Protein chains: 2
Amino acid sequence: MIRLVPGVGRVRIGELATATGTTARALRHYEQAGLISSERAANGYRVYDETAVVRVRNIRYLLAAGLTLEDVQVFLPCLDGDVAAAPPSGKGLRVALDRLAVLNERIAAQTEARDRLAAALRERTGGRVRPVA
Amino acid sequence: MIRLVPGVGRVRIGELATATGTTARALRHYEQAGLISSERAANGYRVYDETAVVRVRNIRYLLAAGLTLEDVQVFLPCLDGDVAAAPPSGKGLRVALDRLAVLNERIAAQTEARDRLAAALRERTGGRVRPVA
DNA sequence: TTCAACCCTGCCGCCAACGACAAGGTCAAG
DNA sequence: CTTGACCTTGTCGTTGGCGGCAGGGTTGAA
């Protein structure tokens, strides 16, 4: 994560939540799953820097696309602007590529099923049904 | 379901399970979810006719493609060879078309996410990194 | 007869991604 | 100095698709 200055966007969990369209509960959950990290203020409150917003948005985007937290954990290092991080990290990279392959299979399976269902529905209606985008 | 003769493929749950690559437990679950039905022998055992095999395979196929039991329930009537069933049933049909649209959206979201991840990975192995969202 | 291999109906457990509390600490404003 | 809006940890609940086990009946074969 490499932060040279102590942090500019000192933001608490509630603010981060509204900024990312989620809830404090979910953010704690992500932290506990190892997807995000936080520092603590003197009073014990979580404090986030401004990079957290992008990170959480990435997480939400991937979750919304049907990925699991585990999947996201695999891909996140590739999404952070974390340029100085480990070099292409052959290992994590391969894991990510594997997951990507799994994603592709899943998409293919769903697409096939959808096509068959669409065909069945067309047959059911005597073929006079608008095509499915 | 229309069965003119009492049934040829009098088969019990275990056999149906192995024939469809699933388990008795799952079949009871499908029944309780209203996806399949069974008669009962004098001893209380479930008895299925041969159409059950195809039906269950359809179910498994759709589940494997990521559909829920509820989704499957919507589509099943269109998949049975149940030609003499209700006429195109404008209502159930529309529900099915709606679900199909949802499927399409889901596939689109996943495809988009996959493309972005793939792009990020490519950059990771070749060039600079850029966040997804 | 007795055994193994089936079947039955509950009902609890699990995984995921949180939601919804409880019971308490903190802090700025009035 | 009290309110009220924040925050903390902890634990239980929920939805979906079953797995697994308890406790019991049934049946064909040895």
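Labels below follow one simple rule: chain letters A, B, ... track the order of the sequence lines, proteins then strands, and each chain is numbered from 1. This one's a predicted model, so the numbers in the text were calculated from it and none came from an experiment. Both backbone and side-chain heavy atoms feed into the values below; hydrogens, waters and symmetry mates do not.
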Rounded to the nearest angstrom, tell me the gap between atom [atom1] in [X] and atom [atom2] in [N].
| X | N | atom1 | atom2 | result |
| --- | --- | --- | --- | --- |
| A/L35 | C/dA16 | CG | C1' | 13 Å |
| B/H29 | C/dC11 | NE2 | P | 17 Å |
| B/L67 | D/dC18 | CG | P | 12 Å |
| A/Q73 | C/dA17 | CD | C1' | 14 Å |
| B/I36 | D/dC18 | CD1 | P | 11 Å |
| B/Q32 | D/dC18 | CD | C1' | 12 Å |
| B/I59 | D/dG16 | CD1 | P | 17 Å |
| B/L62 | D/dC18 | CG | C1' | 17 Å |

Phosphate OP1/OP2 of [N] contacted by [X] side-chain N/O (<4.0 Å):
| X | N | answer |
| --- | --- | --- |
| A/Y45 | C/dG25 | no |
| B/R28 | D/dG20 | no |
| A/N43 | C/dC27 | yes |
| A/R46 | D/dC7 | no |
| B/R40 | C/dT9 | yes |

Which one, [options], comes nearest to the side chain of [X]?
| X | options | answer |
| --- | --- | --- |
| B/R25 | D/dG19, C/dC8, C/dA17 | D/dG19 |
| B/T23 | C/dT9, D/dG19, D/dC18 | D/dG19 |
| B/I13 | C/dG19, C/dC8, C/dA17 | C/dC8 |

Within the structure shown, what part of the strands sits under 4.0 Å from B/R12 by heavy-atom distance: base, sugar-phosphate, or nothing?
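Sugar-phosphate, backbone atoms only, no base.
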Any B/L103 side-chain heavy atom under 4.5 Å of A/L117 side chain:
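Sidechains of A/L117 and B/L103: in contact.
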Are any non-hydrogen side-chain atoms of B/I59 and B/T22 less than 4.5 angstrom apart?
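SC-SC contact between B/I59 and B/T22 ruled out.
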Under 3.5 Å: donor-acceptor pair, side chain of A/R57, backbone of A/A19:
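Flag set: sc A/R57 to bb A/A19 pair under 3.5 Å.
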In terms of the nearest nucleotide of DNA chain C, which residue is placed more toward the 5' end: A/A42 or A/L27?
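On the 5' side of the pair lies A/L27.
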CD of A/E112: more than 12 outside heavy atoms within 6.0 angstrom?
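Yes - once you tally the heavy atoms of other residues, nucleotides and ligands closer than 6.0 Å, there are more than 12.
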Closest heavy-atom pair and its distance - A/L62, B/A113
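Heavy atoms of A/L62 and B/A113 come nearest at CD2-CB, 4.3 Å.
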Closer to the 5' end of DNA chain D via nearest nucleotide, is it B/E70 or A/E15?
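The residue closer to the strand's 5' end, by nearest nucleotide, is A/E15.
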